[in-house]
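Take a look at the structure set out below.
Only a predicted model underlies this, so the values are computations on that prediction, with no experimental measurement involved. Chain A is the first sequence line, chain B the second, and so forth, proteins listed ahead of strands; every chain is numbered from 1.
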Amino acid sequence: MTLTTTQSEDEWLWGWDPTPGIVSVWAETDGVATVWRRSAASGELVRESDRFRPWLLYDRLDDLEHLGARLAPEGTPGAPNAPNAHVTYRELAGPGALRYLLSANEWRTLTSALLQGASRRLGRQLGHVRDLPEETILALAPEEQYLVATGRTYFRDLTFDHLRRLQFDLETTGLDPERDRIFMVSVRDPNGVSSVLEVTGEGDAAEADLIRRLVAAVQAHDPDVIENHNLHGFDLPFLDRRARKLGVALTLGRTSARGLAQRGARRGAPSGRDDGRRVRFVAPGRELIDTLDAVRRHDFSSRDLPSYGLKAVARHFGISGPERELIPGAEIYTVYRTDPARVRRYATADVDEVAALSRMLGGAAFALARMAPRRYERLADAGAATGVIDPLLVRAYLRAGMALPAHEAGDGTVHSGAALHLFATGVAHRVVKADVASLYPSLMRAYRIGPKRDHLGALIALVDRLVETRLAAKASARAAPPGSAERYAHEAMSSAMKIVVNSAYGYLAAGGELTRFADVHAANEVTRRGRETLDLMCRALAERGVTLLEADTDGVYFAVPEEWTEANERRVVAEVGALLPPLVQLEFDGRYAAMLSHEPKNYALVEYGGTLILRGVAFRSSRAEPYGESFLRRAIRHLLAGDVIGVRDAYLETLDALRLRTLSTHDVSSRVRLTKTPAQYLAVRESRRELSYEAMLASGRTTWSVGDRVRIYRTKGGSGGVVPDPGDEHASGAGEDARAYDVEHYSRVLRDTFAARLARAFTPADFAAVFAHPDQLSLFMPSIAAIRPILTRQSPGAFGATDPAAAPLASQGREPHLP
DNA sequence: TCGTTCCGGGG
DNA sequence: GTGTACGGAACGA
């Protein structure tokens, strides 16, 4: 690789202009960009005005011929008579369709000239750039035009802690801004000091005054960034609506604009007009960051969050204090009227947690903003493929003077997916999981698989540099003191790189409508190599004497012989890893005492420490009755410990508990959601009875709302009952439990639904014996002690040493995310 | 029971 | 002038 290549690849990734400290950019179509920069040394903020030439890419020049002498190639000497009406062009190299870079002093000059010519050529009046056929033009938002053209990016020489961040959180009387009001706002200023603003009375004037005080607080603290959890989904739309209704100017930005601007966004709030469009709000000069986006993005790779709610996430990350005030949403206003101090504590905890959460997860978007030519707030909520990779590629092509290809629909080729093999079902012991981290981008690098139309080779080059940067960042993070700002920064960089690297494949597979360089053939080559790699892994493992259990996309579960130590396990993973292509690294991902393999992606694992892990719908469902779940967990523990008598006992004890009604009604109930109104149900009741509603009626509940969730159970008569909510003191009969549930029915459910999850662990005869009716106990009792759980090969010989070429019978291809 | 569509959050 | 994937839950024949 030559020095020049390396240099330009650096520029593709990072831009080239060294201007430090940019914390916000706002550009207008008149070619004026306002740039706010913060000094890393002094913390001082400066506001600068810069000029840029609005530009776009177009596939032809003849639409501008009508300009005559007012159209000129870039750099033509001799200014024309009317410089403001002067459009310049540059022809780019290479075969790409978008080969004319057009620019003018003002956006309107450029687009009106273009639309005039295109209207004449196409024979219809075009009023807006969006009316042009989309494959003929590339037009970016003004800030992005500015950043791409200048090679500037946000945050050079700054760390996350240099940012001045303010958090605020609204407390309202309800969720509907048409009807409900704001009565409190908690604010955490950039120095970390929290305060609470409250209404000083009721009615419009008091609420309007509260909003004015919030705006004044924002202006006074002058933050670079405003943050909250679900900021774009709740607080800003609510605030905007209330401010409009009350006639208050919502001047949250740094320019004199009166209200908030809007931008289209997939995950925004519905726009005021009922045209189905969704928008997010923009406050020029500040970046509006929603920690919900950071949470989603984090969970995208970690998938370990119980929910995306602020409280749950804060608890998960150990952010919330032990005394965290919690109030159910619907009760906040009621509580406020009797105990306002409690709501103040609650609201303050919210902004404190948001600040900490943002500190913890916001670094990834911060790191992306140092690379990609987009605003920080756009990179925080953008999808990685269209939101990060596309802008990087556009900037790379323009920097290289190359024409960009137009969006191109696929040729109808079906996208083929990853491999999924189920080798064995039943019980296995000494289980190991090995997998390849970032398999797809590794294959793209190893085999140089990139989009056909990427003649610059920019995507693979970016993936190479991103992976190198990520590895360096990971190493730096490990070297930095735990908890230090430096470590946070390196970890944030690493996770930002990971987001982009892992979406490089998604970019190929996304389909031509979505990404400029989409290439289904290249995507299929990646998955084909992936299947090939997985097969190679499986075959090589089988040859080394392990028993394959399940393999999926980039990882495999297998069982090792009894006498093996962990060192043996690790050695075999390393040996097999050495057979894989360079850059494809097989990792030892975990070891387990035992596994119950039920169906593809449905299994139970028990760790050596005893922790039980259940995966897949067969083992975890919120609708399952608690007694069944509890039986299943107990039975699987015994099963995986080799204790079949224990499985049998768990079954018999559960049956007894049902028969003797020692199980509460709650234990046998299941949670349902009511989707019909009382009137709707009564209308169809005679033709078709439904347990949920019969249970409501039988419990004397004749009114309910659509969407209500209740716990219901079945009674002997075929009707049912509702289990009173423990928090509902008004419910009749709360506290006493008649336990009038249908024992026969729940005994059947225990066998047919719950015990059935263990069917793979036994021969049919043994299964019948283990789960025989208690009356037949004596018949089977002697044999049960002798029963051993079994493991059944699903594909005899496949990947075995005897027949390495055979394909597994139970394998199936998947087709992920077809466009 | 199944395939298919929708949702994830905020007071 | 936008655009993730995924697992689970709700929905509709």
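No side-chain N or O of A:Tyr440 forms a donor-acceptor pair with one of A:Asn502 less than 3.5 Å apart.
Taking the side chain of A:His128 as heavy atoms from C-beta on, and the options C:dG3, C:dG1, B:dG10, the nearest nucleotide is C:dG1. Residue A:Arg378 places its side chain closer to C:dG3 than to any other of B:dG11, B:dG9, C:dG3. You'll find that the side chain of A:Tyr308 is closest to B:dG8, out of B:dG8, C:dG3, B:dG10. For A:Leu175, the side-chain atoms get nearest to B:dG11 when compared with the rest of C:dG3, C:dG1, B:dG11.
Whole-Å rounding puts the A:Asp299 CG to C:dT4 P distance at 16 Å. In this entry the distance linking CG of A:Leu138 with P of C:dT2 reads 11 Å, nearest Å. Taking atom CD1 of A:Ile182 as the reference point, atom P of B:dG10 lies 17 Å away to the nearest angstrom. A straight line from CD1 of A:Ile327 to C1' of B:dG10 spans 15 Å, rounded to a whole angstrom. To the nearest angstrom, P of B:dG11 lies 16 Å from CD of A:Glu207.
For DNA chain B, the neighbouring residues in residues 226-245 of chain A, judged by any heavy atom under 4.0 Å, are A:His229, A:Asn230, A:Phe234.
Annotation: the span from A:Glu134 atom CD to A:His407 atom NE2 amounts to 6.5 Å, rounded to 0.5 Å.
When the options A:Ile389, A:Leu98, A:Thr386 are evaluated for a side-chain contact (heavy atoms from CB on, under 4.5 Å) with A:Arg516, the one that passes is A:Leu98.
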